[in-house]
Student: 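Input: one structure, supplied below.
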Amino acid sequence: MKIQKKRDARIDILRATAILCIILAHSIPNGIIFQIRNFDVTLMVFLMGASFFLSNKGKTIKYFDYVIKRFNRLVVPTWKFLIFFFGVFYLFSLFLNDEFYFSAKEIITSFTLISGIGYVWVIKVFFIVALVSPLILYISKRIESNSLFFLILLLFYAIYALLLFVNHSFSEGYIQKLFENFLVEPFGYILVATFGIRLFNLKKKDLIYLSGAFLIIFLVLMVYHNYAPIQDFKYPPTFYYQSYGLFFSFFLFYFLSNNRVMELFNKKSIIFLSKYSLDLYFCHIIPIYIIVLYSDYFPIINVNFITRFLFLLIGGLIILVLKNGFLKLIKLMKVTGKNQNF
């Protein structure tokens, strides 16, 4: 999620697109728009793989140090956000003389990144994908042929199909939840990140071929599933859901490879959204729950998905800017204090 020194502007633009589509999804748009934007999470994980490749090619990865950095980058900020989130709504409940809105179980499961308040499950996926990315990069470096690489990847998709079958065969319970949340679901997104890690080994014509192949797979599966909503196949991500997201991922990356197109979208605002995409993701959760819990106080916000989207985006950005300003103030006070001591 972090902007790297060796940054590709296409990744910035697509990451900004992904986070805007995720916020759009949470504004509950109408059916058609809700289905169209269903490439967002797949695109985000795809870009994780691409960014990982750019930031680590030619480097020796010290795995333990790398894991600690990823943990501090993904999990720790999530826990800090959850502490802030529950603290804010606890104060709101006191001010409004309401019972606290969340049970102990919801709080605990939120910190485990399984369920709870929702929305934070994706951080668990990002972290597990990050744990496996060095191995994928190691293998990718040693396989020069794209055909051989994707053939091996196809074999792993066969393993994933088996995992999906086993997961559906499980009776619902504690073991099934662990199996799905920490093996099946992350495995599906690891495969998506693998395409991102291999992205810069591909020529422009390869991008078109892969985009077309995934479009055909998606259309076949759409007919097979009797035009069922893509969203229904997201948890865990099946081939129907993934093929749609990978089609858009490859197509949009190809589309942005045109210099004239790049000039249209390569703006400071886009880079800002990309750089702070993870922080904005956290920040927009608070406006979501303001709508869920207090929409009766602000009926104009809940008129339609456009007003909800603007509220989530603008509210999230305001919280993000306030947070960044607060952190800069703390940093300035520390520096001033050290200078005074000196």
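Since the model is a prediction, treat every value here as computed from it, not as a measurement.
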Student: Under the rule for side chain to side chain contact (heavy atoms under 4.5 Å, CB included), what residues qualify as partners of Y63, not counting sequence neighbours?
Tutor: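 Side chain to side chain contact (heavy atoms under 4.5 Å, CB included) list for Y63, sorted by chain: Y66, V67, L131, P134.
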
Student: Remaining members of I108's ILVMFWY cluster at a side-chain heavy-atom cut-off under 4.5 Å?
Tutor: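 So far as hydrophobic clustering goes, I108 is joined with none.
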
Student: Could you note down all residue pairs passing side-chain hydrogen bond (donor to acceptor under 3.5 Å, both in side chains) where residues 74-89 supplies at least one of them, sequence neighbours left out?
Tutor: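 side-chain hydrogen bond (donor to acceptor under 3.5 Å, both in side chains) check on residues 74-89 returns no pairs.
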
Student: So which pairs with a foot in residues 17-26 pass side-chain hydrogen bond (donor to acceptor under 3.5 Å, both in side chains), sequence neighbours left out?
Tutor: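 Listed by first then second residue: H26-H284.
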
Student: In chain order, what residues pass the ring pair (Phe, Tyr, Trp, His ring centres under 6.0 Å) check against Y224, with sequence neighbours excluded?
Tutor: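 So Y224 forms no ring pair (Phe, Tyr, Trp, His ring centres under 6.0 Å) with any residue.
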
Student: Please check if the distance between the ring centroids of F200 and F253 is under 6.0 Å.
Tutor: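 When the ring centroids of F200 and F253 are compared, they turn out to be within the sub-6.0 Å range.
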
Student: Any side-chain to backbone donor/acceptor pair from N266 onto M262? Under 3.5 Å, distance only.
Tutor: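 No, N266 side chain to M262 backbone: no donor-acceptor pair under 3.5 Å.
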
Student: Using the ring centroid of each side chain, check whether F89 and F92 are separated by less than 6.0 Å.
Tutor: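 Ring centroids of F89 and F92 are less than 6.0 Å from each other.
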
Student: Looking at E106, is its backbone amide N or carbonyl O close enough to the side chain of S110 to form a donor-acceptor pair, meaning the two atoms are under 3.5 Å apart?
Tutor: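 Between the backbone of E106 and the side chain of S110 there is a qualifying donor-acceptor contact (under 3.5 Å).
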
Student: Any link between F233 and F34 through a network of hydrophobic side chains (Ile, Leu, Val, Met, Phe, Trp, Tyr) touching at under 4.5 Å?
Tutor: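 No: no chain of side-chain contacts under 4.5 Å links F233 to F34.
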
Student: Taking side-chain hydrogen bond (donor to acceptor under 3.5 Å, both in side chains) as the cut-off, I'd like each qualifying pair that reaches into residues 234-249, sequence neighbours left out, listed once.
Tutor: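 Every pair satisfying side-chain hydrogen bond (donor to acceptor under 3.5 Å, both in side chains) with a residue in residues 234-249: Y157-Q242.
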
Student: To the nearest 0.5 Å, what is the distance between CG (L96) and OH (Y294)?
Tutor: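 Output value for this atom pair is 5.5 Å.
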
Student: Taking side chain to side chain contact (heavy atoms under 4.5 Å, CB included) as the definition, give me every residue that meets it alongside V132, ordered by chain and number, with sequence neighbours left out.
Tutor: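 In terms of side chain to side chain contact (heavy atoms under 4.5 Å, CB included), with neighbours along the sequence ignored, V132 is linked to I136, I190.
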
Student: Tell me which donor-acceptor pairs under 3.5 Å the side chains of residues 214-221 have, and how far apart each pair is, sequence neighbours excluded?
Tutor:
none

Student: Go through the structure and list residues passing side chain to side chain contact (heavy atoms under 4.5 Å, CB included) with V184, not counting sequence neighbours.
Tutor: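 Per chain and number, V184 pairs via side chain to side chain contact (heavy atoms under 4.5 Å, CB included) with Y160, L163, L164, N167, F179, P236.
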
Student: With a cut-off of under 6.0 Å to the ring centre and 45° to the axis, is R37 in cation-pi contact with F39?
Tutor: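 Cation-pi check for R37 and F39: fails.
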
Student: With sequence neighbours left out, write down each residue that passes side chain to side chain donor-acceptor pair (under 3.5 Å) with R308, or none if nothing qualifies.
Tutor: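 Partners of R308 by the side chain to side chain donor-acceptor pair (under 3.5 Å) criterion, ordered by chain and then number, come out as N302.
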
Student: Using atom types as modelled and distance alone, determine if a side-chain donor or acceptor of N304 lies under 3.5 Å from a backbone N or O of T307.
Tutor: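 Answer holds: yes.
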
Student: If the plane angle is over 60° it's perpendicular, under 30° parallel, otherwise tilted; pick one for Y289 and Y119.
Tutor: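 The rings of Y289 and Y119 stand perpendicular, inter-plane angle above 60°.
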
Student: Applying side chain to side chain contact (heavy atoms under 4.5 Å, CB included), name anything that partners D206, two or more places apart in sequence or on another chain.
Tutor: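 Side chain to side chain contact (heavy atoms under 4.5 Å, CB included) list for D206, sorted by chain: N146, L202, K203, Y209.
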
Student: Hey, are S51 and R15 close enough side-chain-wise for a donor-acceptor pair under 3.5 Å?
Tutor: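 S51 and R15 do have a side-chain donor-acceptor pair below 3.5 Å.
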
Student: Answer yes or no: are there more than 12 heavy-atom neighbours, outside K69 itself, under 6.0 Å from its atom NZ?
Tutor: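 No.
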
Student: Tell me, please, which residues at least two apart from F100 pass ring pair (Phe, Tyr, Trp, His ring centres under 6.0 Å).
Tutor: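 Expected list: Y90, F102.
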
Student: Any donor-acceptor pair under 3.5 Å linking the side chain of T109 with the backbone of S115?
Tutor: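 Side chain of T109 to backbone of S115, a donor-acceptor pair under 3.5 Å: no, none is there.
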
